[in-house]
Amino acid sequence: MDIKIHRGSLLHFPRTTNNPAANYQYFNDGVLVTKNGVISHIGDAKDFFSITVNQQLLNNGGVVLHKGLLIPGMIDSHAHFPQIEMMASYGKQLLDWLNQYTFPTEKKFANKDYATAQAEFFIRQLFAHGTTTASVFATVHPESVNAFFEVAQSHGARMICGKVLMDRFCPEELRDTALSGYFQSKELIERWHNNGRNMYAITPRFAPTSSEHQLEMAGKLAKEHPDTFIQTHLSENVGEVAWIKELFPEHQDYLEVYEANGLVRERALFGHAIHLSKREYQSLAANGASISFCPSSNLFLGSGLFDIDSVKAHNIGLSIASDVGAGTSLSLFSNQADAYKICQLQSTTIDPFESLYLCTQGAASSMGIEHLVGNLNPGTEADFIELDFMASPIMAQRMLRCTSLAEQLFAMTTLSDDRVVERTYLNGNLVYKKGTNVCGHSSTNGLPYSLNGFM
Ligand code: GUN
Ligand code: FE
């Protein structure tokens, strides 16, 4: 039996709620016990160590002491692993950005070795940024999905990924067909969905790059495999929405294109969802689908201001996501900071508990995986991170002047980058520690970059 005891400050949201600021659980001096990779206990340290056998463990050095705050590993509900190498590509909005930067990059992922090296880099960077679960777009190549899941499995990470479906308006090398996309996806689902911690997402890139026939076949897959995820893009950019009207004149709005093909259901994750009608909000809510708010991407591509108040008013499942490589940071803290600014531009606000909730329990519950990850409840998988609120001189000075947890959390989030992540644990095991040069992982041999800080 592998038991580990962690002592430190603990913060998480144990339940699904519309009011995270009133429904968090915080222990200033807390204890988190993991047993065979699963959380078995969370509570107050004084109570825990008042029991003699536990006190003996403490005296024998059998307890890991943390200076920083322990929170659940964060969940990034929308990212593209092949795009990490083309983050920060200059000067274009969505449709030109795809043609000029994204499609040429994604062509490289026909090569399995290349895809494996980049999946390794991406997943390790997720850990370094405090993210332990992500819903990830691969490319059109099945090899890129195999590469991603093989690497995720080698780390024991809970990950979601899918082969991009795309049969038009893209380079020939990135094109599948309605039928090949269906059969390749089906094979990948059978191979990877619920294989270890991996889960599959049916992944039509977005409606413009799929024919009606391909969308119909994606809907068929979704019906045949009702517990898979669906991930795609929705109403991100004004030019894109206008194009949808031209391509699908028979549908009254963007979402209806997906709806007509059975792609709006629980576990369907829609990236962006900025320019929506009332009907579209109502349909997302009624069908139990959820939205990934991608703040840094929306700012970077000039896509528009996400209307969080309408999403909340309609009670639609919501999470905050990086959307790397249109997003400018893999850090979900940095993305929370951008979310706050997007709200400010619309005279609304998002409090620091709410934005953290949208990267942990709120994300998990919008995806239907809160029984697995996203909180520190006993029985869930022991993926958690330690945060260093003193990670930079400016942050340290600011912290000393804060008078509440909310203020500290807000300042840390606003000033943060990957330096706030001190340690990352998966299944109760340390997989990342800031500032070390340890790399014992065999699958990293021969990668074309240097690795710092990974266990
Ligand atoms: N819409 C279709 N494909 C993409 C993509 O790769 N990134 C973003 N941000 N939007 C998209
Ligand atoms: Fe995206």
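What you see is a predicted model; the values in this text were computed from it and never measured. Side chains are part of it too, since the values below use all heavy atoms of this structure and drop only hydrogens, waters and symmetry mates. All residue numbers refer to positions in the sequence shown, counting from 1. Read the numbers this way: they start at 1 and go in the same order the structure lists the ligands and their atoms.
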- Item | Backbone or side-chain N/O/S of Cys294 under 2.8 Å of the Fe ion (ligand 2) | no
Distance from [atom] to nearest protein heavy atom, with residue and atom:
atom: atom 3 (N) of ligand 1; result: Arg205 NE, 2.8 Å
atom: atom 10 (N) of ligand 1; result: Glu236 OE1, 2.6 Å
atom: atom 7 (N) of ligand 1; result: Trp97 CZ3, 3.5 Å

- Regarding Ser180 and Thr177, is there a side-chain donor-to-acceptor distance under 3.5 Å anywhere?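 Side-chain D/A pair, Ser180 to Thr177: present.
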May I ask you to decide if the ring planes of [X] and [Y] are parallel, tilted or perpendicular, using 30° and 60° as cut-offs?
X: His78; Y: Phe137; value: tilted
X: Tyr114; Y: Phe109; value: perpendicular
X: Tyr200; Y: Phe149; value: tilted

Atoms in ligand 1 with a heavy atom of [X] nearer than 4.0 Å:
X: Ala326; value: 9 (N)
X: Asp323; value: 8 (C), 9 (N)
X: Leu94; value: 1 (N), 8 (C), 10 (N), 11 (C)

- Item | Atom NZ of Lys312 with >12 non-hydrogen neighbours under 6.0 angstrom | yes
- Between the main-chain N or O of Leu387 and the side-chain N or O of Glu422, is there a donor-acceptor pair closer than 3.5 Å?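 Side chain of Glu422 to backbone of Leu387, a donor-acceptor pair under 3.5 Å: no, none is there.
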- Does Gln346 use its side chain to pair, donor to acceptor, with the backbone of Phe306 at less than 3.5 Å? yes
- Angle at the Fe ion (ligand 2) (to 10°), with one arm to NE2 of His78 and the other to OD1 of Asp323: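 Answer comes to 90°, rounded to 10°.
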- Under 4.0 Å from ligand 1, counting heavy atoms only, is it the side chain of Leu98, its backbone, both or neither? side chain
- Message: I'd like to know whether ligand 1 has His272 as a neighbour, heavy-atom separation below 4.0 Å.
- Response: yes
